[in-house]
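See structure below.
In what follows, every heavy atom counts, from backbone to side chain, and hydrogens, waters and symmetry copies are set aside. Remember, it's 1-based here, ligands and their atoms both numbered in the order they're listed.
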Amino acid sequence: MSSIELIDLRSDTVTLPTREMIDSIRRAKLGDDVFGEDQTVNELEKLAAEKMGKEAALLVTSGTQGNLISLMSNTKRGDLVLLESESHIYWYERGGVSVIAGLFPWLLKSNMGAFDPCDVEAAIRPQNIHFPEPALICLENTHNRHGGTVITPNQIEEVKKVADEHSLMLYMDGARIFNAAIALRIDVKDLAMHVDNLMFCLSKGLCCPVGSLLVGTHEFIERARKLRKILGGGMRQAGIIAAPGIVALESMIGRLSEDHMNARRLAEGISRIEKIKIDLGCVQTNIVCFDISDLGMPIDLFVSKLKEKGILALAMTKNKVRMVTHKDIEKEHVEKAIAAISNISSKL
Ligand SMILES: Cc1ncc(COP(=O)(O)O)c(C=O)c1O
């Protein structure tokens, strides 16, 4: 067994809860949340709704469950949903949008996650006996497969205008919405205000062990609560999940800027390495993607060579590697990662 310390850049989901989070679990006032009696869950949901400037919130088990419940709460079976062609909902959620929600996905390309409102308008089909009824538009902010890119309140508002003209709902997969707010230096409410409802995750850069939240109107959340029960997500003493969530919302948001600085350092270091291609314009938050096609090496081999040097990264596509910065990544880890990539490239 090697005693090498692994620097885990695969995802911000690998973060462990902080000591304060563990302490908060010990102190949490618990009850049966299916009966609405877990005080800690109620407190977290109230806090989440306030932070986002929405009426109500619901704790769910994961981002995937949150997206699925929202798809179902915003539509009826057989409706058409407009999805971004690289979206997490479309790529990474086992097709739940169709398999469980019963929706017909219609894909739209974007510029780093930002739709052109004219494309959205053009994709909305008129009422016609032959067509599924359009019901919902989904955004993703930050955008995972585009490399953690951010969309602005203005860009969201433009899509909202189109949605309103056609009486469609607008939803945001905001798994990393606080990264977007920190990158733009704005209040997260400014990102939430133009969407009808959204989901955000506690379990990524905010370092909680489990959990995501849906926020929206009372009506949307009440429907979502029933759908969560159908999907087996009604939890009992869920305060043990909610307590770290409260710590996260109160104390872990501001530090995301450190992750963004480390991602920038990493990206700039990578950009100086021969035969590695990286678009620095896409590095806007804590995700760094780069292209290794000029190395002429299968991506799995590249990732395993990195691992031998103590660096864990993710193969996103045939040529694209992803590294994500988070609480446990320091400046010296970034430097080690750059050196490891450089070493692999120079030995070819
Ligand atoms: C943009 C986005 N949405 C949703 C999810 C799903 O979250 P979870 O892994 O908690 O199901 C992820 C996970 O990485 C994500 O990046």
Side-chain angles (χ1 to χ4, degrees), residues 8-17 48 58-72 74 81 83-97 99-101 105 107 110 112-115 136-151 156 171-181 183 188 191-192 195 197-215 224 227-228 231-233 235 238 241-242 244-245 248 256 259 263 282 284-289 312-317 320 322-326:
D8 198 343
L9 288 157
R10 289 171 302 166
S11 176
D12 45 12
T13 55
V14 302
T15 44
L16 299 178
L58 181 73
L59 176 66
V60 295
T61 59
S62 67
T64 302
Q65 189 185 62
N67 279 340
L68 180 58
I69 290 172
S70 299
L71 289 166
M72 294 168 81
N74 278 315
V81 54
L83 294 179
E84 203 274 340
S85 57
E86 300 295 319
S87 62
H88 198 278
I89 292 176
Y90 185 69
W91 273 83
Y92 299 121
E93 301 185 6
R94 298 289 308 195
V97 55
V99 178
I100 300 176
L107 298 183
S110 74
M112 296 195 280
F115 284 137
L136 175 67
I137 303 171
C138 295
L139 304 173
E140 186 174 315
N141 200 14
T142 65
H143 197 293
N144 187 340
R145 272 179 71 86
H146 284 296
T149 53
V150 168
I151 51 176
I156 300 169
Y171 169 71
M172 184 152 63
D173 171 349
R176 296 185 180 79
I177 193 71
F178 288 107
N179 293 85
V188 73
L191 291 169
V195 296
N197 34 69
L198 74 138
M199 176 279 292
F200 69 90
C201 292
L202 297 169
S203 57
K204 302 199 161 57
L206 298 183
C207 304
C208 289
V210 190
S212 295
L213 282 134
L214 300 184
V215 291
L227 291 162
R228 184 185 69 172
L231 296 171
M235 296 174 282
I241 294 173
L256 294 173
D259 300 343
C282 288
Q284 299 175 3
T285 55
N286 68 331
I287 302 181
V288 177
C289 294
L312 300 184
L314 209 68
M316 277 284 271
T317 66
K320 202 153 102 181
R322 187 184 86 168
M323 291 182 163
V324 184
T325 55
H326 51 76

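Side-chain polar atoms of E140 and H88 form no donor-acceptor pair below 3.5 angstrom.
Minimum heavy-atom separation, M172 to I177: CE-CD1, 3.5 Å. Heavy atoms only, all atoms of each residue included: C289 and G147 are closest at SG-CA, 4.0 Å. Closest of all the heavy-atom pairs between C138 and V81 is SG-CG2, 3.8 Å. V60 and I69 get closest at one heavy-atom pair: CG1-CD1, 3.8 Å. Considering all non-hydrogen atoms of both residues, L214 and S70 come closest at CD2-OG, 3.3 Å.
Those atoms of ligand 1 that come under 4.0 Å of a heavy atom in G63, given as number and element, are 6 (C), 7 (O), 8 (P), 10 (O), 11 (O). Residue A175 approaches ligand 1 through these ligand atoms, each under 4.0 Å from one of its heavy atoms: 1 (C), 2 (C), 3 (N), 15 (C). Atoms of ligand 1 found under 4.0 Å from any heavy atom of E93, numbered from 1 in the order shown, are 4 (C).
Looking at T64 against ligand 1, both its backbone and its side chain come within 4.0 Å, counting heavy atoms. Here N67 has side-chain heavy atoms under 4.0 Å from ligand 1, and that is the only part of it that gets that close. When non-hydrogen atoms are compared, ligand 1 lies under 4.0 Å from the backbone of S62 as well as from its side chain.
Applying the side chain to side chain contact (heavy atoms under 4.5 Å, CB included) test between P17 and each of P244, S203, P209 identifies P209 as the sole match. Each of T15, L256, L206 was checked for a side chain to side chain contact (heavy atoms under 4.5 Å, CB included) with H326, and the lone residue meeting it is T15.
Residue, atom and distance of the protein heavy atom nearest to atom 3 (N) of ligand 1 are D173 OD2, 2.6 Å. In terms of protein heavy-atom proximity, atom 12 (C) of ligand 1 is closest to H88 NE2, 3.1 Å.
An N or O contact shorter than 3.5 Å links R176 to ligand 1 by distance. Between S212 and ligand 1, a contact under 3.5 Å exists for no N or O pair.
Of the listed residues (Q65, K204, E140, M199), the one carrying the non-hydrogen atom nearest atom 9 (O) of ligand 1 is K204.
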